[in-house]
Asker: 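Okay, here's the structure, questions in a sec.
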There are 2 protein chains.
Amino acid sequence: MTKRETLNVRLERFYAEARKAGLRITPQRLAIFKLVAGSVSHPGAEEIHRQLRRSFPMISLDTVYRTLWKLADLGLVSALGQERIQLRFDANQNRHQHFTCKRCGLIRDFTNARLSALGIPSEAAQFGQAEDLRVEVRGVCSACLRKKAPGEGKNNNSKPKTSSIRRRT
Amino acid sequence: MTKRETLNVRLERFYAEARKAGLRITPQRLAIFKLVAGSVSHPGAEEIHRQLRRSFPMISLDTVYRTLWKLADLGLVSALGQERIQLRFDANQNRHQHFTCKRCGLIRDFTNARLSALGIPSEAAQFGQAEDLRVEVRGVCSACLRKKAPGEGKNNNSKPKTSSIRRRT
DNA sequence: TCCTAAATAAGAATCATTACTATCTAATAA
DNA sequence: TTATTAGATAGTAATGATTCTTATTTAGGA
């Protein structure tokens, strides 16, 4: 699939999901999605904002952020790094893996023999010198599952106000 | 190994590494390391600071951060999340893996069949509901490798002043 | 075309982290 | 034991990414 084809496929999905969710397709949103979908470098919000100023001199950084999170909610993009914003420290220097809760930021260690045995994949060499391999399971911890009001379906849009985590889901 | 034994092993290493590096063992440093080494929850700097105030009412947050990074430099703890601080976005919703440069924050996609085939490990279930598995190779990208002044050994302590990345190594 | 909820721009506010600076102290030498 | 000094600390200001608030604008259906 060429780069152009990839972009088109992604755009189709964008339109379809946006319509399904009743999301307005504004020029800003379209431009933001196009930029992310057409890039291979996983730009951050500032970078996107800088680039979009060419076509939208007045676009605000806030719009970029809001749009990106909205797209993430629709499953059209994902945020790399994680929602948690505080640095966390780990004194376990043996090989192990982490479980991370998307809602509250909880992190717990576990050890899985198969995952611990994984070597650095050869594909990594093309980008530089690889040093280690991190494996992380993301999900929702037991406590957060319990907190969720019973009878709630999908699309939990409650946004915790004060928490060490910055974004939901 | 009991929890207490684990802590003792870690403390031994702490003393050994600190001595080897000529690092002063201050009461604050010892307390900070003990707290991280004895915890299973990967506390953040604020949390550590709050707890340590009981024994060191005057301890500053800055000391906590400096110490944690120092310990990280010695390989006694690792920072979870990543050094990069800006959120990055990814429109590739097919299963894939990332290569991340520790120095400049570069992120690139690649796909490795074996890694893509990995299922959620059963150990994750004890913590809650797992949703996905992320695999990340960390290292130094080609550009950053080239930048490094030739003739440099280990311990590159140059701290980039202005960069999207917050910490070295 | 008109209406209205949703989206935007602008800028203030927040929060984690780092920088700065004036002490302070542990380790070494005298 | 005391003096010396590089390394550490506390306190606080600064920075930078992200989010919030508010007044205004706009997409998209009636």
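The structure displayed is predicted, hence computed values, not measured ones. Residue numbers begin at 1 in each chain, while the letters A, B, ... track the order of the sequences. Only this structure's heavy atoms are used, side chains among them; waters, hydrogens and symmetry mates stay out.
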Asker: Please state whether the phosphate of D:dT9, meaning OP1 or OP2, lies under 4.0 angstrom from any side-chain nitrogen or oxygen of B:Thr26.
Answerer: yes

Asker: Would the distance check show the side chain of A:Arg108 and the main-chain N or O of A:Phe99 forming a donor-acceptor pair, the cut-off being under 3.5 Å?
Answerer: no

Asker: Quick one: does any side-chain atom of B:Arg138 pair with a main-chain N or O of A:Asp132 as donor and acceptor, under 3.5 Å?
Answerer: no

Asker: May I ask you to verify if any side-chain N or O of A:Thr67 is less than 4.0 angstrom from the OP1 or OP2 atom of C:dA7?
Answerer: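 So the side-chain polar atoms of A:Thr67 never come under 4.0 Å of the phosphate oxygens OP1 or OP2 of C:dA7.
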
Asker: B:Gln28 CD to C:dC24 P: how many Å, rounded?
Answerer: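 Taking CD of B:Gln28 and P of C:dC24, I get 14 Å after rounding.
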
Asker: Quick one: the side chain of A:Arg24 and the base of C:dA6, do they pair up donor-acceptor inside 3.5 Å?
Answerer: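 Yes, a donor-acceptor pair under 3.5 Å.
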
Asker: Is there a residue in residues 33-52 of chain B whose heavy atoms reach under 4.0 Å of DNA chain C, and which residues are they?
Answerer: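 By residue number: B:Glu46.
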
Asker: Starting at OH of B:Tyr65 and ending at P of D:dT12, how long is that distance when rounded to a whole Å?
Answerer: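 Rounding to the nearest Å, OH of B:Tyr65 and P of D:dT12 are 18 Å apart.
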
Asker: C:dA7, OP1 or OP2 - any side-chain N/O from A:Arg29 closer than 4.0 Å?
Answerer: yes

Asker: What distance separates A:Thr111 OG1 from B:Glu123 CD, expressed to the nearest 0.5 Å?
Answerer: 8.0 Å

Asker: Does B:Arg66 get its side chain close enough to the base of D:dA8, under 3.5 Å, for a donor-acceptor pair?
Answerer: no

Asker: With a 4.5 Å cut-off on side-chain heavy-atom distances among I, L, V, M, F, W and Y, is there a chain of contacts connecting B:Ile107 to A:Val40?
Answerer: no

Asker: Assuming nearest nucleotide by heavy-atom distance, tell me which of A:Ile59 and B:Asp62 is located more 5' along DNA chain C.
Answerer: A:Ile59

Asker: Can you label the angle between the A:Phe127 ring and the B:Phe110 ring as parallel, tilted or perpendicular, going by 30° and 60°?
Answerer: tilted

Asker: Distance check, rounded to the nearest 0.5 Å: B:Gln97 atom CD versus B:Ser116 atom OG?
Answerer: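 With rounding to 0.5 Å, CD (B:Gln97) is 4.0 Å from OG (B:Ser116).
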
Asker: In terms of relative ring orientation, are B:Trp69 and A:Phe89 parallel, tilted or perpendicular, with 30° and 60° separating the classes?
Answerer: perpendicular

Asker: Provide, to the nearest angstrom, the distance between the CG atom belonging to B:Leu68 and the C1' atom belonging to C:dT17.
Answerer: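 Taking CG of B:Leu68 and C1' of C:dT17, I get 12 Å after rounding.
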
Asker: Looking only at side-chain N and O atoms, does B:Trp69 come under 4.0 Å of OP1 or OP2 in C:dT18?
Answerer: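 For C:dT18, OP1/OP2 do have a side-chain N/O of B:Trp69 under 4.0 Å.
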
Asker: Would you mind classifying the nucleic acid contact of A:Leu61 as base, sugar-phosphate or nothing, using non-hydrogen atoms under 4.0 angstrom?
Answerer: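 Base contact.
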
Asker: Kindly say if A:Thr63 contacts the phosphate of C:dA9, meaning a side-chain N or O under 4.0 Å from OP1 or OP2.
Answerer: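 Yes, because at least one side-chain N or O of A:Thr63 sits under 4.0 Å from OP1 or OP2 of C:dA9.
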
Asker: Starting from C1' on C:dT25, measure out to CG on B:Leu23 and report it in whole angstrom.
Answerer: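 Those two atoms, CG and C1', are 14 Å apart.
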
Asker: Which part of the nucleic acid, if any, lies within reach of B:Ile25 when heavy atoms closer than 4.0 Å are counted: base, sugar-phosphate only, or nothing?
Answerer: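 The residue B:Ile25 makes no contact with any strand.
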
Asker: Out of C:dA7, C:dT25, C:dA10, which nucleotide sits closest to the side chain of A:Met58?
Answerer: C:dA10

